There are 2 protein chains.
Amino acid sequence: MTPSAAPRTTPESAPTGRPGKRAAIDCAARTVFGREGYSRASVDAIAAEAGVSKRTIYNHHQDKEHLFLAVVQQSSQAVAAHQEELIDHHLGSPEADLTAALTTLGRALAVPQTDFESHFSLVRVIFAEAPHLPPHVIESWRGTGPGRVRARLAERLGELAGAGALRGGTTPETLAVHFTQLVTSEVYERSLHGALPLAADETNALVESGVAAFLALHGPAS
Amino acid sequence: MTPSAAPRTTPESAPTGRPGKRAAIDCAARTVFGREGYSRASVDAIAAEAGVSKRTIYNHHQDKEHLFLAVVQQSSQAVAAHQEELIDHHLGSPEADLTAALTTLGRALAVPQTDFESHFSLVRVIFAEAPHLPPHVIESWRGTGPGRVRARLAERLGELAGAGALRGGTTPETLAVHFTQLVTSEVYERSLHGALPLAADETNALVESGVAAFLALHGPAS
DNA sequence: GAAGTAAACTACACCGTGCAGTTCACCTTG
DNA sequence: CAAGGTGAACTGCACGGTGTAGTTTACTTC
C-alpha cells in the first residue's frame, strides 16, 4: 500500500496489448480481490483466474498494488453508474405511486444485482483496506463512487419536493441522507455490507419499514 | 480461517501461566490485529507488542486463528458492555432535556473512547474478515455484541415512550433501529466505520441533525 | 520444576524478474 | 491478393529474495 506515485516509466497507461487480455486480467483481479481481500489474493491466483500468464499481468500493471488500485477505480465507477441509472429509472419521471417507487428503488439499491456482485465485494475490500490505502485513493473513490450517487439521489428527491410530492423545508441533501439511512443502511449493516446473505423477505421488510419512516418524515403534507 | 473445531488436546482452556502474560498477549493481539488486519498481523509482531516470547503465545493459544477468535470474543463483549453502560447512563433516569440526552448519547456512541479504540478497530476487522469467518462466530458475535446493545437501546427507548417522553405507536425495536440509523449510521459511513478520523464539528452536526430527525419522527406529541 | 525467553530452524507461500520459445496481428512484397 | 516476414505481446518456467507460521532447543527465572 501507499505507492509513491509511479516514479519510473511504467506500462501504466499503455493501451497496447492483445484485446481481451487486459479486460480478462482486470475482471479476474476484481473477482479474486473481492473474494479473498488484498493480502490473501495472490497474483498467481489472479493469473490463473484470468487464464493468463503471470508475466502478462506485470506487462499491464506495474505492481500488485497498482493493479488493485486500477481495479478499485473501475469498480467504483461501475457501481456508481449502475446506481445512478437505478435512481433515474425509478425517480426520473413523476410517479403516481411514490411509496412503490421508493420501495422498489430501495430494494434495488439494497440488494445488488448478481451481475455487479464482484464490484460490491470489492467495495467491501475498500472498507477493509481503508486504513492502509493512500488517502487520495479514498477521496477519489468517495468522489466518483458514493458521492456521485448521493448527489444524484439528492437531485431527484429535490425535484420531487419541488413538485410537491414531498414536503418542503429541508435541503435535497438532507432528503438523500435520510433516505439512505432509513431505507438501506440497516440492510447493509445486517448483511455486513453484503458479505452475508440476507433473507429476501427480511430485506423487503426492512426496506418497506424504512420507506414508511421516510415518508412519515418527509411525505406530502396531509 | 474456518478452523476444524480443535481436534487435539490444546492449551485452549488452561488458566495456567503467570498472571498478566495472558492478558498482555490478548491485549497485544487485539492491538495488532486491529491495526493490521488478520493476514498482515504476524505472530512475531504480536509477541513483540506483548513483550513476550512467541513460544508463550503458543502455550496459551493453539493457533493464530484461535488467538484471533478468542480476542474477537473478548472485544465484542467489551464493546457491548461499554455501550450498554452508555445507554443506561444517558437514558436510565428520566431526563429533563430529552434532546440533550439523545445528543450526548449519540455522540458517545458515534465516536468511541480512545480507551476502547483497539476494540473498535477489531470490529472493523471482523467486518473485513466476515466472509472468511466460520458462521457460528459471526452469529455469536452478533448475539453478544450489536444484538445486546440494540436490545438495551430498545428497552430504554421503550421506557421513554411509556413515560410519554416519546410518541407511542411503534415498537421499541423500531425506535432503536431508527435511532441508530438516523443518529449514528451516517457518522459510521462517513468515517468508514471509524477507520478515518472525522472532524469533531462534522460529527456533532451529523448527530444533532439525526436527533432532530428522530424526534420529528418519534418526539413527544406536540 | 513449571513457565518463560531467545534464537535458530523448517517448511512453505508469495512477489517480482529473467528469459527462451511461441503466437498473433499486421505489413511488406512479389 | 496471398505468401511470407516482422515485431510486439504472450507463455511457461525457474529463480532470488523475503516474510511468516509453527517447532525445537538450550537456557533462565520464579
Side-chain angles (χ1 to χ4, degrees), chain A residues 1-4 6-29 32-33 35-71 125 129 132, chain B residues 1-4 6-29 32-33 35-71 125 129 132:
Chain A
M1 287 300 124
T2 62
S4 45
R8 305 174 312 183
T9 63
T10 69
E12 198 71 4
S13 54
T16 74
R18 279 209 262 277
K21 295 293 178 185
R22 175 66 174 253
I25 290 171
D26 293 355
C27 176
V32 177
F33 278 133
R35 190 175 55 218
E36 306 288 342
Y38 179 81
S39 292
R40 257 189 278 262
S42 76
V43 178
D44 289 287
I46 294 171
E49 174 86 20
V52 143
S53 157
K54 181 165 70 161
R55 203 65 185 79
T56 304
I57 291 184
Y58 284 99
N59 283 345
H60 284 274
H61 294 93
Q62 176 187 352
D63 221 303
K64 181 185 178 182
E65 182 171 335
H66 284 79
L67 169 61
F68 178 71
L69 298 182
V71 171
V125 177
E129 294 293 329
H132 305 284
Chain B
M1 288 297 122
T2 61
S4 46
R8 305 172 312 183
T9 62
T10 69
E12 196 70 0
S13 54
T16 74
R18 278 205 257 282
K21 294 294 176 186
R22 175 67 174 251
I25 290 171
D26 292 355
C27 176
V32 177
F33 278 132
R35 189 174 55 219
E36 306 288 343
Y38 179 82
S39 291
R40 261 187 277 261
S42 74
V43 178
D44 288 288
I46 293 171
E49 173 86 21
V52 143
S53 153
K54 184 161 68 156
R55 190 65 184 83
T56 305
I57 291 184
Y58 285 99
N59 283 345
H60 285 272
H61 294 94
Q62 175 188 352
D63 221 308
K64 180 185 180 183
E65 182 171 337
H66 284 79
L67 168 61
F68 177 70
L69 298 182
V71 172
V125 177
E129 295 293 330
H132 305 285

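Chain A is the first sequence line, chain B the second, and so forth, proteins listed ahead of strands; every chain is numbered from 1. Computed from a predicted structure; not experimentally measured.
Atom NE2 in B:His61 sits roughly 15 Å away from atom C1' in D:dG22 (whole-Å rounding). In this structure, CZ of A:Arg22 is placed 16 Å from C1' of D:dA8, rounded to the nearest angstrom. Regarding A:Lys21, its NZ atom lies at a distance of 9 Å from the P atom of C:dC24, rounded to whole Å. For the pair A:Ile46 CD1 and D:dT11 C1', the interatomic distance rounds to 18 Å; values are reported in whole Å. Summarising the geometry, the separation between CD1 on B:Ile25 and P on C:dA3 is reported as 13 Å, rounded to the nearest angstrom.
Applying the side-chain hydrogen bond (donor to acceptor under 3.5 Å, both in side chains) test to B:Arg55 and every residue at least two apart in sequence or in another chain returns B:Asn59. With sequence neighbours excluded, the residues satisfying salt bridge (charged side-chain N to carboxylate O under 4.0 Å, His left out) with B:Asp26 are B:Arg22. Evaluation of the side-chain contact (heavy atoms from CB on, under 4.5 Å) rule for B:Lys64 yields B:Phe33, B:Tyr38, B:Val43 as partners, not counting sequence neighbours.
An OP1 or OP2 oxygen of D:dT11 is reached within less than 4.0 angstrom by a side-chain nitrogen or oxygen of A:Thr56. A sub-4.0 Å separation between OP1 or OP2 of C:dG4 and a side-chain N or O of B:His60 is present.
In this structure a side-chain-to-backbone donor-acceptor pair under 3.5 Å is present from B:His132 to A:Arg35.
On a pure distance criterion of 3.5 Å, no polar donor-acceptor pair joins the side chain of A:Arg55 and the base of C:dG16.
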Scan nucleotides 12-15 of chain C against the protein and return all N/O pairs shorter than 3.5 Å with their distances rounded to 0.1 Å.
residue	atom	partner	partner atom	Å
C:dC15	OP1	A:Ala41	O	3.4
C:dC15	OP1	A:Val43	N	3.2
C:dC15	OP1	A:Lys64	NZ	3.2
C:dC15	OP2	A:Val43	N	3.0

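The two atoms that bring A:Ala29 and A:Val71 nearest to each other are CB-CG2, 3.8 Å, heavy atoms only.
Paired with A:Gln62 under the rule side-chain contact (heavy atoms from CB on, under 4.5 Å), one option of A:Glu65, A:His60, A:His66 passes, and it is A:His66.
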